[in-house]
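What follows is a set of notes on a single structure, which appears directly below.
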Amino acid sequence: MARQLTPLLPRIVAGMEVLPAVHPRPGLPPRVSIYEVGPRDGLQAEKAVVPLPVKLELIDRLAEAGLAVIEATSFVSPRWVPQLADADELMAALRRRPGVRYPVLVPNERGFERAMAAEAEELAIFVSATESFAEQNLGTTLDGAIQMATPVVKAARARRIPVRGYVSMCFGDPWEGQVDPGRPADIAARLVELGCSTISLGDTIGVATPGQVVTVLERTEAAGVPRNQIALHLHDTYGQALANVLVGLEAGITEFDSSAGGLGGCPYARSATGNLATEDLVWMLDGLGIETGVDLPALVETSRWLAAELGRPSPSRVVAALGS
Ligand code: HMG
Ligand code: MG
């Protein structure tokens with residue numbers, strides 16, 4: 001049941017103190033692309049299944065707030081992730097806005113067939129840098145996960161459909177502990193060779209620290225993945241996500257994944273808490289004078305609305321600060 005919200009937008013527009021002062025830093029990119037994962041990475045981790053009309057409204061509000069890339073859902077096994085079992089209906093009912101991309105997550109050929117039937121125009125496949133997570137998340141080995149993704153990438157490329165490749169557990173794994181930076185670098189290079197257009201390096205459980213991010217980026221580039229094809233997918237479990245974004249920016253990364261209101265986690269990764277909140281990311285980027293195209297007050301209002309729908313407050317610091 002939606003609760004009544006106090007009006008936020010007029011307060012933000014009127015109150016200078018609730019927008020960050022802009023102080024650009026030399027050497028950072030003028031613009032970055034935010035890859036919004038809330039409707040997929042966020043809602044897949046909710047205990048309750050969020051009703052389809054709420055999902056559709058969320059996606060539409062995110063687009064209205066200026067997010068140009070919104071991962072809408074996933075075509076995984078409904079037995080594994082019942083929260084997103086309505087992917088086919090969602091894509092059929094989605095109001096696709098011109099200029100907004102709506103990629104979907106696909107694990108295997110069955111998922112690819114469903115995504116094509118749903119007229120998805122962009123895909124993301126996902127593999128792991130560790131054996132344990134490949135087993136937990138996909139029920140296979142690390143090589144098995146790449147084999148599962150291979151026909152998806154090939155079939156998509158034949159149709160000129162871009163495919164993003166996620167590599168999970170690039171920095172630490174709840175079953176295996178620390179991860180050698182050579183492992184995500186090697187997997188990322190294999191995915192680029194396969195034909196993935198962008199590689200999203202995932203800190204699935206949010207344990208990465210800035211020096212480690214730089215090391216993994218350097219190793220990944222040295223393995224043959226150009227920096228302009230690398231995105232960072234950061235979770236905020238240990239409060240390191242924004243520090244990790246900053247070193248990513250300094251290293252020339254221009255694509256970052258985040259979820260509105262800091263929703264998220266992963267149902268198959270022990271200790272994965274929320275993704276980096278899009279609001280927290282936008283606050284920092286706005287303060288640095290880096291263009292994102294996102295309207296922060298509209299996004300905060302969306303997360304407050306969603307928090308009311310979910311019946312619990314958003315973990316985002318910016319949503320809490322602006323909404324209090
Ligand atoms: P499985 O049970 O081993 O599949 O699951 P199977 O091939 O043995 O088939 C069993 C049944 O499932 C069959 O149906 C298939 O048709 C059906 P039956 O003949 O018994 O009626 N099936 C499917 N149905 C619908 N859609 C499909 C599909 N595939 C098979 N795509 C599978 C193997 C890979 C499907 C399963 O392990 C799976 O879906 N895993 C996904 C888990 C998941 O979604 N995890 C979260 C996303 S990853 C993430 O969050 C990390 C990320 O954010 C980055 C980061 O943070 O690091 C991306
Ligand atoms: Mg994730």
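Numbers for residues simply follow the sequence, beginning at 1. Order of listing sets the numbers, starting from 1, for every ligand and every atom in it.
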Q: Select one of side chain, backbone, both or neither to describe which atoms of Asn108 lie under 4.0 Å from any atom of ligand 1, heavy atoms only.
A: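 The side chain, only.
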Relative to [atom], which among [options] owns the nearest non-hydrogen atom?
atom	options	answer
atom 42 (C) of ligand 1	Val152, Asn275, Asn137	Asn137
atom 23 (C) of ligand 1	Glu71, Glu109, Gln44, Arg110	Arg110
atom 1 (P) of ligand 1	Trp80, Phe112, Phe133	Trp80

Q: Work out whether the distance between some heavy atom of Ser74 and some atom of ligand 1 is less than 4.0 Å.
A: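 Outside the 4.0 Å threshold, so no.
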Q) Does Leu105 have a non-hydrogen atom less than 4.0 Å from ligand 1? A)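 Distance cut 4.0 Å: Leu105 passes for ligand 1.
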Q) Judging by distance only, is a nitrogen or oxygen of Phe126 under 3.5 angstrom from one on ligand 1? A)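 No.
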Q.
Does ligand 1 come near enough to Arg114 that some N or O of the ligand is less than 3.5 Å from an N or O of the residue?
A.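 Yes, at least one N or O pair falls under 3.5 Å.
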**Q.** Apex the Mg ion (ligand 2) - arms NE2 from His233 and OD2 from Asp41 - angle rounded to 10°
**A.**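 Rounded to 10°, it measures 90°.
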Q. Taking atom types as modelled, is there a side-chain donor on Ser132 or Glu176 under 3.5 Å from an acceptor on the other?
A.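 Per modelled atom types, Ser132 and Glu176 side chains form a pair under 3.5 Å.
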**Q.** Side-chain donor-acceptor pair present, Thr141, Glu135, cut-off under 3.5 Å
**A.**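 No - no donor-acceptor pair under 3.5 Å links their side chains.
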Q: Report yes if the side chains of Val106 and Val104 come closer than 4.5 Å at any heavy-atom pair, otherwise no.
A: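 Side chain of Val106 against side chain of Val104, heavy atoms only: contact under 4.5 Å found.
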(Q) Is it the case that over 12 heavy atoms from other parts of the model lie below 6.0 angstrom from the CZ atom of Arg61? (A)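 Check passes, neighbour count above 12.
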Q) More than 12 non-hydrogen atoms from neighbouring residues, nucleotides or ligands closer than 6.0 Å to CZ on Arg160, yes or no? A)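 No, the 6.0 Å shell around CZ holds no more than 12 heavy atoms from other groups.
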Q. Hey, are Asp280 and Arg317 close enough for a salt bridge, meaning a charged N less than 4.0 Å from a carboxylate O?
A.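 Looking at Asp280 and Arg317, the cut-off is not met.
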Q) Between Arg40 (side chain) and Leu105 (backbone), is there a donor-acceptor pair under 3.5 Å? A)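 Pair absent, no side-chain N/O of Arg40 close to backbone of Leu105.
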